[in-house]
Student: 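Attaching a single structure in structure tokens format; questions to follow.
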2 protein chains.
Amino acid sequence: MESNLAVGRLSALAQPNRLAVFRLLVRAGNEGMSAGEIARSLNVAANTLSSQLNILSHAGLVTSTRDGRSIIYRAAFNAMADLMVYLVEDCCQGHAEICAPISEITDRIACCG
Amino acid sequence: MESNLAVGRLSALAQPNRLAVFRLLVRAGNEGMSAGEIARSLNVAANTLSSQLNILSHAGLVTSTRDGRSIIYRAAFNAMADLMVYLVEDCCQGHAEICAPISEITDRIACCG
DNA sequence: TCCATATTTCAACGATAATGGAAATGAAGG
DNA sequence: CCTTCATTTCCATTATCGTTGAAATATGGA
């Protein structure tokens with residue numbers, strides 16, 4: 001992964017509304033949510049949300065598909081995984097005990113135990 | 001973990017120099033690096049780096065200890081792990097196959113396999 | 001004490017980002 | 001075709017961020 005791409009993804013997540021949108025979509029899983037559902041759920045103006053979804057989309061963190069009048073957004077788990085790996089890859093030069101907190105993260109995520 | 005704290009950490013990482021600093025410290029592991037070493041390594045002005053280290057430090061992503069005239073910075077692996085968990089916790093509502101990319105991240109990090 | 005090194009603080013400038021009102025686009029139904 | 005609903009685009013305003021030069025603080029050694 002390239003540095004610019006990672007910065008783009010981190011910037012996209014580094015804003016309260018967008019972070020909330022992404023986490024909402026993470027929980028929604030495969031079903032995803034329409035822009036309107038997200039807006040109502042988070043109490044954000046439709047146009048504001050639209051530009052924020054656009055930023056998340058350009059960063060590759062969400063995908064969208066049209067369904068009738070609505071547009072369904074979904075979290076991009078593979079893009080997120082790439083980012084997480086990039087942040088801590090090559091950690092601690094082989095001394096696994098130093099980055100033990102990192103090696104334990106999957107134990108702390110609900111569905112990945 | 002609280003939303004504001006996560007946004008603070010993401011914002012701290014969402015900048016090319018700071019992301020490079022953090023990843024450099026991740027690789028440096030327990031030894032850490034002095035501010036001067038980091039500045040030379042990344043070719044950043046000392047005062048610019050200082051404010052960026054301050055931001056990373058306030059976000060809890062790095063720690064610092066004085067050693068003679070130098071100040072040694074180290075990556076805070078536990079803070080990073082907390083952030084990573086926060087980003088994807090409660091994912092996919094029990095359908096593990098959906099977030100398989102997430103469950104595989106530790107296999108992709110050098111020292112955590 | 002005086003000097004050199006290491007790092008931080010201060011002040012200011014230019015650039016970038018977040019928000020919301022208003023208008024525009026796209027899709028479904030009568 | 002017209003209306004309604006869903007979402008996006010445009011535009012202007014305000015606020016925040018990154019960088020730099022200059023000065024200040026802190027440490028160690030002659």
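The chains referred to below are lettered A, B, ... by the order of the sequence lines, with proteins before strands, and numbering in each begins at 1.
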Student: Can you check whether A/Y73 has a side-chain N or O nearer than 4.0 Å to OP1 or OP2 of D/dA6?
Tutor: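 For D/dA6, OP1/OP2 do not have a side-chain N/O of A/Y73 under 4.0 Å.
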Student: Would a distance-only check, ignoring hydrogens and angles, find a side-chain to backbone donor-acceptor pair under 3.5 Å from A/R18 to A/A20?
Tutor: no
Student: Compare every heavy atom of A/A81 with every heavy atom of B/I105, then report the nearest pair and how far apart it is.
Tutor: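 Looks like CG2-CB, 3.7 Å.
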Student: Measuring from atom OG of B/S34 to atom CZ of B/R69, what distance do you get when rounded to the nearest 0.5 angstrom?
Tutor: 12.0 Å
Student: List in numerical order all residues of residues 45-55 of chain B for which some heavy atom is under 4.0 Å away from an atom belonging to DNA chain C.
Tutor: B/A46, B/N47, B/S50
Student: Rounding to an integer number of Å, can you tell me how far B/D67 CG sits from D/dA26 P?
Tutor: 18 Å
Student: Send over the distance from A/I71 CD1 to D/dT9 P, rounded to a whole Å.
Tutor: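 Taking atom P of D/dT9 as the reference, CD1 of A/I71 is at 9 Å.
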Student: Taking A/Y86's backbone N and O only, do any of them form a donor-acceptor pair with B/R23's side chain (distance below 3.5 Å, no angle check)?
Tutor: yes
Student: Without swapping roles, check the side chain of B/R74 against the backbone of B/T63 for a donor-acceptor pair under 3.5 Å.
Tutor: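 Between the backbone of B/T63 and the side chain of B/R74 there is no qualifying donor-acceptor contact (under 3.5 Å).
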Student: Roughly how far apart are B/E104 CD and A/N78 CG, rounded to 0.5 Å?
Tutor: 10.5 Å
Student: Quick check against the 3.5 Å criterion: does B/S57 have a side-chain atom that pairs as donor or acceptor with the backbone of B/L53?
Tutor: no
Student: What is the 5' to 3' range of DNA chain C, first to last nucleotide, that sits under 4.0 Å from any heavy atom of chain B?
Tutor: C/dA4 to C/dT9
Student: Given A/M84, which partner from the list B/M84, B/R108, B/M80 fulfils the side chain to side chain contact (heavy atoms under 4.5 Å, CB included) test?
Tutor: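 In the set B/M84, B/R108, B/M80, the residue that makes a side chain to side chain contact (heavy atoms under 4.5 Å, CB included) with A/M84 is B/M84.
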Student: Do the side chain of A/Q15 and the main chain of A/N17 share a donor and acceptor less than 3.5 angstrom apart?
Tutor: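 Yes, A/Q15 side chain to A/N17 backbone: donor-acceptor pair under 3.5 Å.
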Student: What parts of residues 8-32 of chain A reach DNA chain D, counting only heavy atoms under 4.0 Å away?
Tutor: none
Student: Using whole Å, what does the distance between atom P of nucleotide D/dA6 and atom CD1 of A/I72 come to?
Tutor: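 Distance, rounded to whole Å: 12 Å.
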Student: Between the main-chain N or O of B/A59 and the side-chain N or O of B/R9, is there a donor-acceptor pair closer than 3.5 Å?
Tutor: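 A pair under 3.5 Å: yes.
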